[in-house]
Amino acid sequence: MRCCCEDAARLLVWSVLMSSSKPVRTRFAPSPTGSLHIGGLRTALFNWLYARHSGGQFILRIEDTDQKRYDPDALRILMESLTWAGLDWDEGPDKDGPYGPYVQSERLALYQEWADWLVTNGHAYRSYETPAELEASRKAREAQGLPPGYDRGHRELTAAQIAAYEAEGRPTVVRLKMPLTGEMHLPDALRGTVTFDAGQLQDTVLLKSDGFPTYHLAHVIDDHFMEISYVMRAVEWLPSFPIHWQLWQSFGWEAPAYVHLPVMLNPNGKGKMSKRNPPRDAHGRLIPVLVHDYIAAGYLPEAVDNFLANIGWNFGGDREVFSMAEAIERFDLTRINEANSAFPPDKLDWLNGVYLREMPADELALKLRAPIEREGWTASDEELRQIAPLVQPRIKTLNDVVEMAGFFFREPFIPAGDEQFAAKGLTPAQAAALLDKARAALEAVPGWTHEALEAAMRELAEAEGLKVKDLFNPLRSAVTGQLVSPPLFESMAIIGRQASLARLAATSARLAGNEAS
RNA sequence: GGCCCCAUCGUCUAGAGGCCCAGGACAUGGCCCUUUCAAGGCUAAAACGCGGGUUCGAAUCCCGCUGGGGUCACCA
């Protein structure tokens, strides 16, 4: 028998989440200032999962209100990255809907209109200071030991003063009138009530002198008119939450539920991941920050999604390998962890390996083509199809195929150096002699199948009184040029009779030549 | 520095007052398998930051401290 408090607790959570009867609409609202950050993708993923879970809509909105930082390629890259990750949006810049346009620079008139409305209704005011004047007042405050920021100098201008500034033709910004005293209690759907002391807060700029809105104004207006029901964004927005809340109050609009998600920190837990100060893993290897770089590094979207879903959210039931379809079914706000987390690169590599191994080998073969061609090599479909199952359990990323199986394609073939044989306890002369014997035996093998090759070489090892590895390993170096490779005889079968024997001969000749000189 | 958020193995996490001398996963060590390297199997070590409360009982609730993070723009 389940106790009644448990039911009551469930009911409470349920009612909080359902308190808004509006359909669930979430959004991802990046600014197009460059490529998508991996942390941005996670924020997008959570929003998308929640919308899909609830049968609602996921909206892509572009916040391009900073003309100085505008990057014309960014929008394309952004949409490419989201599409790669499988996050489809119901409304967006390229997909019009009833609440468009979805690019803020195309909605300027709306922001200006509502900024005016705030001024007219006493919730905001125009301020006329020049950047130099603001700088001077900031310095003065600093000198007096006052907290930095705007001194609210133009909050209570007289009509005459305003008229004078206007007559001067000064540029102007619109600032929000924040409460001067008291406490603000703000609801966060994850963290409960967050309390701020209103006196500490600033009269933030809402509308810039170039007529563009700041994030604060634009997102509130858009979220209202786009009927967004859940704003899920990173915690770094929490300190400006009071501004946003004040705006909702000033407008008299019903605010959406706000959810401040934890952020991803560098692998060492020091500071959030950023493009400046590139993060490194425990081995000092550079960790990509941009989704683009994850794509280029040969990670699979399924693995990246799964990985990201496991940071700050938990599937439950001790499972951490799951599809997005399963995640959609389970996703809820109550399983989100409020704590920031260090980015675990090893876990991504492991998960990517899991997906690589689960994939049908023929599908993997198709995906191997890109990294191989990027090296300038050519590969037939048949070669790829044969190589795929060999490398499958041995690679963590698609790109690892280059190191693991490059010897199949590299032209001309690079014979192993003496050190590879020395590592197995052989002098160049001994190695050459051994390889010559092996070559003679292999030339006599009728069919060039891996079974036949292995049988012949085991026979040779026995005849020579060698342990198989003392023959196989030098042979591996000779045929692949590597100390580490996929299974030897399977590899030789793919390389083919003629090329394999030629590689043996070349390596042997090189060893003998070195010995002579 | 002010304000805000957060705090379970090295890391990602489970844990809604007794099911917990804390479970899973990655990474690490050992063993098995083995032609190298992987993969796979088994196994080991590894955590409730500290101090006060509340309670019969606290990883779980409260307070303080400490630590970490975020934020303080006419950027988002």
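Lettering follows sequence order; numbering is per chain, from 1.
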What integer number of Å spans the [atom1] atoms of [N] and [M]?
N	M	atom1	value
rC42(B)	rC26(B)	P	11 Å
rA47(B)	rG41(B)	P	25 Å
rG64(B)	rA7(B)	P	15 Å
rA22(B)	rG49(B)	P	15 Å
rC48(B)	rC20(B)	C1'	10 Å
rA44(B)	rG52(B)	C1'	37 Å
rG15(B)	rC31(B)	C1'	32 Å
rC3(B)	rA59(B)	P	32 Å

Does Arg335(A) have a side-chain nitrogen or oxygen under 4.0 Å from the phosphate oxygens OP1 or OP2 of rG15(B)?
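True: Arg335(A) side-chain N/O within range (under 4.0 Å) of rG15(B) OP1/OP2.
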Would the Trp313(A) and Phe46(A) ring centres measure less than 6.0 Å apart?
no
Proximity of Phe307(A) and Phe343(A) rings by center, below 6.0 Å:
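Close enough - the centres of the two rings lie under 6.0 Å apart.
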Contact class for [X] vs. all strands (heavy atom < 4.0 Å): base, sugar-phosphate, or nothing?
X	answer
Gly312(A)	sugar-phosphate
Asp188(A)	nothing
Phe196(A)	sugar-phosphate

Nearest heavy atom decides the nucleotide; on that basis, is Thr193(A) or Gln200(A) closer to the 5' end of RNA chain B?
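Here Gln200(A) is the residue nearer the 5' end.
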Would you kindly compare Val194(A) and Ile336(A) by the position of their nearest RNA chain B nucleotide and give the one closer to the 5′ end?
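Looking at RNA chain B, the more 5' nearest nucleotide goes with Val194(A).
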Find the partner of [N]: check Watson-Crick (N1-N3 plus N6-O4 or O6-N4) and G-U wobble (N1-O2, O6-N3) distances, both under 3.5 Å, and reply none if neither fits.
N	answer
rA44(B)	rU28(B)
rG1(B)	rC72(B)
rG64(B)	rC50(B)
rC56(B)	rG18(B)

Side-chain H-bond candidate by donor/acceptor type, [X] with [Y], under 3.5 Å:
X	Y	answer
Ser274(A)	Asn277(A)	no
Asp222(A)	Tyr102(A)	no
His185(A)	Thr193(A)	no
Tyr128(A)	Glu168(A)	no

According to the salt bridge (Lys or Arg N to Asp or Glu O under 4.0 Å) rule, which pairs have a member within residues 192-220 of chain A, sequence neighbours left out?
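Qualifying pairs, neighbours excluded: Arg152(A)-Asp203(A), Arg155(A)-Asp203(A).
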Asp223(A) and Arg27(A) have their tightest heavy-atom pair at OD2-NH2, 2.7 Å
Please give, in whole Å, the distance from [N] [atom2] to [X] [atom1]?
X	N	atom1	atom2	value
Asn310(A)	rU11(B)	CG	P	17 Å
Leu351(A)	rG24(B)	CG	C1'	14 Å
Arg319(A)	rG23(B)	CZ	C1'	17 Å
Glu338(A)	rA16(B)	CD	C1'	12 Å
Asp349(A)	rC12(B)	CG	P	16 Å
Lys347(A)	rC9(B)	NZ	P	13 Å
Leu261(A)	rC6(B)	CG	C1'	14 Å
Arg141(A)	rG2(B)	CZ	P	17 Å

Can you give one letter per nucleotide of nucleotides 61-76 of chain B, going 5' to 3': B for a protein heavy atom under 4.0 Å from the base, S for sugar-phosphate only, - for none?
-------SSBS--BBB
Protein within reach of the bases, or only the backbone? For nucleotides 31-40 of chain B, mark each nucleotide 5' to 3' as B, S or -, using heavy atoms under 4.0 Å.
----BBBBSS
Tell me whether Arg335(A) forms a cation-pi arrangement with Phe315(A), defined as NZ or CZ under 6.0 Å from the six-membered ring centre and within 45 degrees of its axis.
no
Does the Lys NZ or Arg CZ of Arg410(A) fall within the cation-pi geometry relative to Phe413(A) - under 6.0 Å from the ring centre and within 45° of the axis?
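Output no; distance or angle outside limits.
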Passing option when Ser127(A) is tested against Arg175(A), Arg170(A), His154(A) for side-chain hydrogen bond (donor to acceptor under 3.5 Å, both in side chains):
Arg175(A)
